[in-house]
Structure formats: structure tokens, C-alpha cells
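The structure under discussion appears below in the form of C-alpha cells.
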There are 2 protein chains.
Amino acid sequence: MGTTQLEKAPEPKYWHLRTVLTDALDSEFAVGEVLPNERELAARFGVARATLRQALEQLELEGRLQRRRGVGTTVAPPRVGVDVGPVRDSWPGPPGGDWQTEGCEDVTPPAAVVQLLATAPDAVVHAVRRTRMSQGQPVATELLYIPAASAPSVPEAPADTDSSSVRAEHLLRALHRLELEGQDRAVELGSAHTDDARQLDRLPGAPVLVVTTRYFVAGRTAAVSVSTYRADTCRLTFGDTEPVTLMAG
Amino acid sequence: MGTTQLEKAPEPKYWHLRTVLTDALDSEFAVGEVLPNERELAARFGVARATLRQALEQLELEGRLQRRRGVGTTVAPPRVGVDVGPVRDSWPGPPGGDWQTEGCEDVTPPAAVVQLLATAPDAVVHAVRRTRMSQGQPVATELLYIPAASAPSVPEAPADTDSSSVRAEHLLRALHRLELEGQDRAVELGSAHTDDARQLDRLPGAPVLVVTTRYFVAGRTAAVSVSTYRADTCRLTFGDTEPVTLMAG
DNA sequence: TAGTGGTCTAGACCACAGT
DNA sequence: CTGTGGTCTAGACCACTAC
């Protein structure tokens, strides 16, 4: 046998590159430091730029790198833990939190939401748009779908003079008057659509964690929120228990 | 002005393709149906294969498509909701669940886990490996890290004759004897490493949802589990409240 | 063996940020 | 303007599955 090894499946180059770069990031780079540009890195490793980029994409997805067009590739800080858990079953609102309500529209929600709300397929519901900030950066956008039945005090077609964000506050207050029985969450991977991508300062298709929350009132789903978190920078935390003394620096 | 439009930023081809294909999947394809191969699709849309593949990658990431080398691209079924929530604060175990314990090893855990366990950086801890099945397919692998202090009844260095999976059962039973005070979860995006990828029937680097759970006993972290779920096929559900009557088909 | 998706290349051009 | 990452191309070859 001419070959000294059986070597069934050679590791792909981009995966090996990812490993090498991971180790380099751990040992030789500081957070915020800028890496050499892609063309130089590719040359240095003896691969095509596309292959090098495949490795960088992995690392960006894992939250190790941050790439900005026209600027360069920098070492990303550790992911920020954003709390998504049920601190207490409660309605969304602006109680000192880091959420910021942007405004509201009347829309026919996507099919998945229609199914959760059990409304008519072409029914128009209120939709409050909010943004979540963390450490000065937007980390999530949210669309809170509120069927008209859940907010009867808010007029269907508001006067144009009624500011969109004022109306959003009305809707949230209307929700708070309902007695919340419980909620329900699901997390899945998605890709940022054009609007979300722009708000999150990402390109279309960027990986996001989509958190879908159902709000129950009187045995029915009174509202549904769909929150879109940047998957590269966020770690979603669920505090299932009362806060425990942190023991890890 | 020669141009009739301002047209600031034209949509990337791969993103437009993704939209077109999404609509096509919604209207013209059934679950399980196989799509034309990539070379033909690329020709049909008048783009290079790499561009077409960029769109397919998006759709696979979103759980709309399933691609298998040597076979083809098929329309994926809707994501399966796997429950990850605190049905009741409880230790992991095989109480009729869909978890299957594979065996155990003694390892020095990764830095992130060491930090959570607050053990010495080079300390060896027990690690029970489990796999979660759903609808006949593996959807997650898990490594449950148990410091020796949390399972004093299990010998440090077992006889080789002691089967790995038998020892794993011993470790789980030892945990069950401790009074669990609470738990803690975090979800983030990761990429499947070589071992996990193989167990999940994916390629290295495949997107996964990593669920990190801390188990608290006597005010300290008695164990940490790191579960790796296929991000393309799984939707993680957190039943924060007692089960509510489903109302959406 | 034939056909599929996965990897890799060596280019080109574009959009954007900073000067 | 220059330099960066983002998009796109037209090929080639490889690994795998199924017949």
C-alpha cells in the first residue's frame, strides 16, 4: 500500500481553517482587534478567498467574528445574554425594560401567526413594532400581533393625525387591562428578512433566533409576539427559577 | 439623469431567488417531493450554481428544504416542536422520555463549562452522552457534565469491564438522589462539530441550537448539560405554563 | 456506473466606509 | 479616492447514494 494511512474522509479545508482560526482567536487576538483582510488571509493560508470566507462565515455565525463591509473583520466580544424567560408571566410593555416601541400598523399576519391566533385568514390585526436595545446596539425587533377583539377600546382605523407610536401605547395599555393566564414560547432558527435585517444592522438572510410567544387570556390566545434576535451576538437566557447568586465570573 | 429610477440598492440575486423558491414551495410542491437538481435549477433561473446554492442554503437553514448528498433536494416537513421547557424542575433521566443514554466518559470539560461548574480548569468530570430521538430521527445529542463531587458513589476510575452505558445509569441515579433546587437555561446558535455532526446525520458546521442547562443543588451548580439540537429540523418549545388545550391545528 | 450534492478555484465586479 | 467585505461566475473535481 502506498498510503501510510487509511484516511477515509479528509477534513474539508474550510473546516480545518475554522479550527485553526478559532485557536488563533483564542490565543493571539484581543476583542475588537481587526484581522488582516480576506485576500491576504486567503493568500497566507494558500486557499481561494471563497474557501477562506466559508471559514469566516462559520466563525461569524458562532459569534466569534464581526464583519462589516467597507471596514473589515474584527474579533467579536462574547455573546450578550438577553433574558427572554418568564420573570413572571406578564404582558410585554415598557416597564423600565430595554424595549422601545416603534409604532404600530394594521396588517394581515403571516399564516403561522394566523394559525396561532385562530383568526380568519384575511383578518386584519393590530401589530405593534418594538425594538430591543442592549449595550447600545439593537439586538431584536418584535412584532406583537393583537386581534381587534383583544383591544376593543382602540379604534380600528385611526385618524392619520394620531401618531403611530401613541396608538401603540394605547394598544399595550389595552392589553394590560386583560388578565394574563399564561404564556408559551418557542425558539427556532430563521433568516432576517429585509426590514428586520436593516433594523438589526445586518444583511438580508442573516441568521436570527425567532422567539414566538403566545399570550393566553380566558383559555384563548389573546396575542402573539414574534421576536427576532441577532443569532450572532445574542445568547437567549431563560431564568426558570428565581434569580440565583451568580457564581461564574 | 439617464436613469429612470433612483434604485438605491438592488436586491441580491440569491435573496430574490430565495423568495421565488419560497413561493414555489408554498404553492407547487408537496412535502417530501424532490426538486430538480442544482445544475438544472441554476440553468432554469439563469444563474451560476453557486448562486443557486446560496439560496438553497437559506431555505435549508429555514427548515424548508432537506439536501442529501448523492440523493437530491427534497421539500422538508414542518419543523418538529421539541419540548425543552421545565415541565417540572427535574433531573435529566430516562423516565419514558425520548432520550437514550449512549454511555459515559471522563473528560476535562470545555472552558465554558468549567466556568459554569466552577471546577478547576484541568479537573476531570464525568460526562454522560445521550441522544434524543424524535419521529425516528436523532434531533439532539447531549453531554451531561457531572463533577465527581456530585456523584460520590460512582468510582473515579471504573473497571474496563464495567460497561460505559451501565456506568452512565449509575451516574444518573446518583444525581436523582440529590435534591434539585432549580435550573437555568440558555439557547444560542452554534455549528455542529465533527462528532455531533455525525450523530445528527449532518455535515460538520451544520447550524445547531445549543441549549445549556445548569442544575442547582444547595446553592451550587451540581451539573451542566449541553444539548445540541439540529437547527434545521427543530423548533424548541418552552411550556412555561401547565399545558393549555391546543387550539391550532 | 450514473447522478446527486459538497468542495474548491481564480478570477470579476459591486456596495460601502473612511479618507 | 482607496480598501474593505459582498456578490457572482464558469468551470473542476470529490464523496456519496443508488441502481
Side-chain angles (χ1 to χ4, degrees), chain A residues 3 6-19 21 33-61 65-76 191-192 194 197-198 201-207 232, chain B residues 3 6-19 21 33-61 65-76 191-192 194 197-198 201-207 232:
Chain A
T3 63
L6 288 182
E7 52 178 338
K8 242 286 288 319
E11 208 171 38
K13 274 189 188 178
Y14 75 91
W15 186 252
H16 180 246
L17 256 184
R18 188 208 78 108
T19 306
L21 288 171
E33 199 167 342
V34 309
L35 272 60
N37 71 55
E38 296 183 350
R39 288 160 179 89
E40 175 170 344
L41 280 177
R44 186 178 302 184
F45 287 109
V47 300
R49 182 154 81 110
T51 304
L52 185 270
R53 278 181 60 81
Q54 212 172 337
L56 293 186
E57 262 153 45
Q58 287 281 342
L59 291 169
E60 188 178 31
L61 184 117
L65 291 181
Q66 196 166 345
R67 298 192 286 175
R68 274 174 301 173
R69 167 156 54 181
V71 178
T73 301
T74 61
V75 180
S191 49
T194 317
R198 189 168 34 245
D201 195 37
R202 298 266 68 194
L203 294 169
D232 53 346
Chain B
T3 64
L6 288 182
E7 53 178 337
K8 244 284 290 318
E11 208 171 37
K13 273 190 187 177
Y14 76 90
W15 185 252
H16 181 244
L17 256 184
R18 188 208 79 107
T19 307
L21 287 171
E33 197 167 342
V34 310
L35 271 61
N37 72 55
E38 296 183 350
R39 289 162 179 88
E40 174 168 345
L41 280 177
R44 186 178 301 185
F45 286 109
V47 299
R49 182 154 82 108
T51 304
L52 185 270
R53 278 180 61 81
Q54 212 172 337
L56 294 186
E57 261 153 45
Q58 287 281 343
L59 291 169
E60 188 178 30
L61 184 116
L65 291 181
Q66 196 167 345
R67 300 192 284 174
R68 273 173 302 172
R69 169 156 52 182
V71 178
T73 302
T74 59
V75 180
S191 49
T194 317
R198 189 168 36 246
D201 195 36
R202 298 267 68 195
L203 295 169
D232 54 346

Inter-residue atom distance B/Q66.CD - B/T74.OG1, 0.5 Å rounding: 4.5 Å

field: Candidate pair B/F45 and B/K13, rule side-chain contact (heavy atoms from CB on, under 4.5 Å), full reasoning
entry: CA-CA 10 Å; B/F45 286 109; B/K13 273 190 187 177; over 6 Å; no

- prompt: If only side-chain N and O atoms of B/K13 are considered, is one of them under 4.0 Å from the OP1 or OP2 phosphate oxygen of D/dG6?
  reply: no

field: Any B/Y14 side-chain nitrogen or oxygen under 4.0 Å from OP1 or OP2 of D/dC8
entry: no

task: Check each residue of residues 53-61 of chain A for a non-hydrogen atom within less than 4.0 Å of any atom in DNA chain D, then write out the ones that pass by number, or none.
output: A/R53

Contacts under 3.5 angstrom, residues 33-41 of chain B side chains, donor-acceptor by atom type, not counting sequence neighbours:
from, atom 1, to, atom 2, distance (Å)
B/E33, OE1, B/A30, N, 2.8
B/N37, OD1, B/R39, N, 2.9
B/N37, OD1, B/E40, N, 2.9
B/E38, OE1, B/R49, NH1, 2.6
B/E38, OE1, B/R53, NH1, 3.2
B/E38, OE2, B/R53, NH1, 3.0
B/E38, OE2, B/R67, NH1, 3.2
B/E40, OE2, B/R44, NH2, 2.7

statement: Looking only at heavy atoms, the pair that brings B/L203 and B/R69 closest together is CD2-NH2, 3.9 Å

- prompt: On a plain distance test, is the side chain of B/R49 in donor-acceptor contact with the base of C/dG6 below 3.5 Å?
  reply: yes

message: Output the rounded distance in Å from CG (B/L203) to P (D/dC16).
response: 9 Å

- line: Rounded to whole Å, CG of A/L65 lies from P of D/dG6 at a distance of 11 Å

- prompt: Quick one: B/L41 CG to C/dG6 P, roughly how many Å, whole number?
  reply: 13 Å

message: Show, in sequence, the C-alpha distance, side-chain angles and deciding distance for A/W15 and B/T194, and conclude whether the side-chain contact (heavy atoms from CB on, under 4.5 Å) test is met.
response: CA-CA 9 Å; A/W15 186 252; B/T194 317; 3.6 Å; yes

task: For C/dT4, take OP1 and OP2 only and decide whether either is under 4.0 Å from a side-chain N or O of B/R68.
output: no

message: In whole Å, I'd like the distance from the CG atom of B/D201 to the P atom of C/dG5.
response: 16 Å

message: Between P on C/dC8 and NE2 on A/H16, what's the gap in Å once rounded to a whole number?
response: 12 Å

query: Does the side chain of B/N37 get closer than 4.0 angstrom to OP1 or OP2 of C/dG3 through an N or O atom?
result: no

- prompt: Looking at C/dG3, does its base get a donor-acceptor pair with the side chain of B/R69 below 3.5 Å?
  reply: no

- request: Taking all non-hydrogen atoms of both residues into account, name the closest pair between A/L21 and A/A55 and its distance.
  value: CD1-CB, 4.3 Å

statement: By nearest-nucleotide position on DNA chain D, the 5'-leaning member of B/A50 and A/G70 is A/G70

- prompt: How close or far is atom P of C/dG6 from atom CG of A/L17, stated in whole angstroms?
  reply: 20 Å

message: Under 3.5 Å, is there any donor-acceptor pair linking the side chain of B/R39 to the base of C/dG5?
response: yes

query: For A/L35 and D/dT4, what is the distance between atoms CG and P respectively, to the nearest whole Å?
result: 12 Å

statement: Out of D/dT9, C/dC8, C/dG6, minimum distance to the side chain of A/P12 belongs to C/dC8

Cationic N near anionic O, under 4.0 Å, B/E11 to B/R18: no

- prompt: To the nearest angstrom, how far is A/L52 atom CG from C/dT9 atom P?
  reply: 10 Å

- request: First locate atom CD of B/Q58, then atom CG of B/L17, and finally report the distance between them rounded to the nearest 0.5 Å.
  value: 11.0 Å

task: Before giving the answer on side-chain contact (heavy atoms from CB on, under 4.5 Å), spell out for A/E57 and A/Y14 the whole-Å C-alpha distance, their side-chain angles and the decisive distance to 0.1 Å.
output: CA-CA 10 Å; A/E57 262 153 45; A/Y14 75 91; over 6 Å; no

message: With a 4.0 Å cutoff (strictly under), does any side-chain N or O of B/T51 reach OP1 or OP2 of D/dT7?
response: no

- prompt: Quick one: bend of the helix from C/dT1-D/dA18 to C/dG18-D/dC1 from 5 pairs per end, to 10°?
  reply: 10°

message: From the set C/dT7, C/dA10, D/dG6, return the single nucleotide nearest to any side-chain atom of A/A48.
response: C/dA10

query: What pair of heavy atoms forms the shortest contact from B/G205 to B/S191, and how long is it?
result: O-CB, 3.5 Å

query: Should B/T73 be listed as having a side-chain N or O under 4.0 Å from OP1 or OP2 of C/dT4?
result: no

